[in-house]
Amino acid sequence: MNRGLSNGLHVLITAETFWGIFKKFLMCVIDVLYRVDMLLGLTGGLGFMVGGTFFYIGNEFFSLVDNYGRLQLPLPKQVKKNIATG
């Protein structure tokens with residue numbers, strides 16, 4: 001009986017890990033959106049890739065703020081006000 005391996009797999013396969021890997025998958029989506037922009041001839045300012053990039057940046061920002069809050073570090077009032085739920 002190798003309990004260490006089963007405990008290690010349990011730690012590796014969690015919902016938090018799944019969403020972390022999913023966020024990294026978004027980088028592949030940006031590459032695909034770049035290819036779509038090239039196929040459609042959207043080489044100028046706004047395109048699918050730019051929208052995907054801003055979505056990714058926003059997603060990472062909220063992740064950073066969430067981690068910052070979990071560490072119980074003080075957040076600026078403006079950030080607290082803009083992300084407050086309720």
Side-chain angles (χ1 to χ4, degrees):
M1 292 177 62
N2 191 351
R3 292 179 183 240
L5 180 60
S6 64
N7 289 340
L9 286 176
H10 177 70
V11 170
L12 288 176
I13 303 172
T14 63
E16 194 170 285
T17 303
F18 171 77
W19 287 113
I21 292 170
F22 179 75
K23 287 179 184 179
K24 303 311 175 220
F25 174 73
L26 288 176
M27 289 303 293
C28 295
V29 171
I30 291 175
D31 183 49
V32 170
L33 291 174
Y34 170 76
R35 305 289 179 180
V36 170
D37 283 350
M38 291 296 111
L39 287 172
L40 296 176
L42 300 173
T43 58
L46 294 177
F48 293 109
M49 184 190 72
V50 173
T53 302
F54 282 128
F55 174 78
Y56 182 73
I57 290 170
N59 191 14
E60 288 299 313
F61 171 74
F62 286 122
S63 177
L64 286 171
V65 170
D66 181 40
N67 290 336
Y68 198 73
R70 287 181 188 203
L71 292 172
Q72 298 178 348
L73 297 172
L75 291 170
K77 290 179 185 177
Q78 296 87 353
V79 175
K80 283 183 183 179
K81 181 180 132 189
N82 289 327
I83 63 169
T85 59

message: I need the full list of side-chain hydrogen bond (donor to acceptor under 3.5 Å, both in side chains) pairs touching residues 26-39, with sequence neighbours left out, sorted by first then second residue.
response: none
task: Just grab all the salt bridge (Lys or Arg N to Asp or Glu O under 4.0 Å) pairs involving residues 46-56, residues at least two apart or on different chains.
output: none
N/O donor to acceptor pairs below 3.5 angstrom from side-chain atoms of residues 64-71, sequence neighbours left out:
residue, atom, partner, partner atom, Å
Asp66, OD2, Arg70, NE, 3.3
Asp66, OD2, Arg70, NH2, 3.3
Asn67, ND2, Ser63, O, 3.4
Tyr68, OH, Pro74, O, 3.4

message: Just to verify, what does Leu40 make a side chain to side chain contact (heavy atoms under 4.5 Å, CB included) with, not counting sequence neighbours?
response: Val36, Leu42, Phe48
- prompt: Which pairs with one or both residues in residues 43-61 pass salt bridge (Lys or Arg N to Asp or Glu O under 4.0 Å), sequence neighbours excluded?
  reply: none
message: Is there a side chain to side chain contact (heavy atoms under 4.5 Å, CB included) between Ile21 and Phe25? Walk through the geometry before answering.
response: CA-CA 6 Å; Ile21 292 170; Phe25 174 73; 5.7 Å; no
Val79-Phe62 co-clustered via ILVMFWY side chain contacts under 4.5 Å: yes
query: Does Met38 share a hydrophobic cluster with Ile30, counting links as ILVMFWY side-chain heavy atoms below 4.5 Å and allowing steps through other members?
result: yes
task: Give a yes or no on whether Tyr56 and Val50 share a hydrophobic cluster (residues Ile, Leu, Val, Met, Phe, Trp, Tyr; joining criterion: side-chain heavy atoms under 4.5 Å apart).
output: no
query: What pairs of residues pass the salt bridge (Lys or Arg N to Asp or Glu O under 4.0 Å) test when at least one of them lies in residues 47-59, not counting sequence neighbours?
result: none
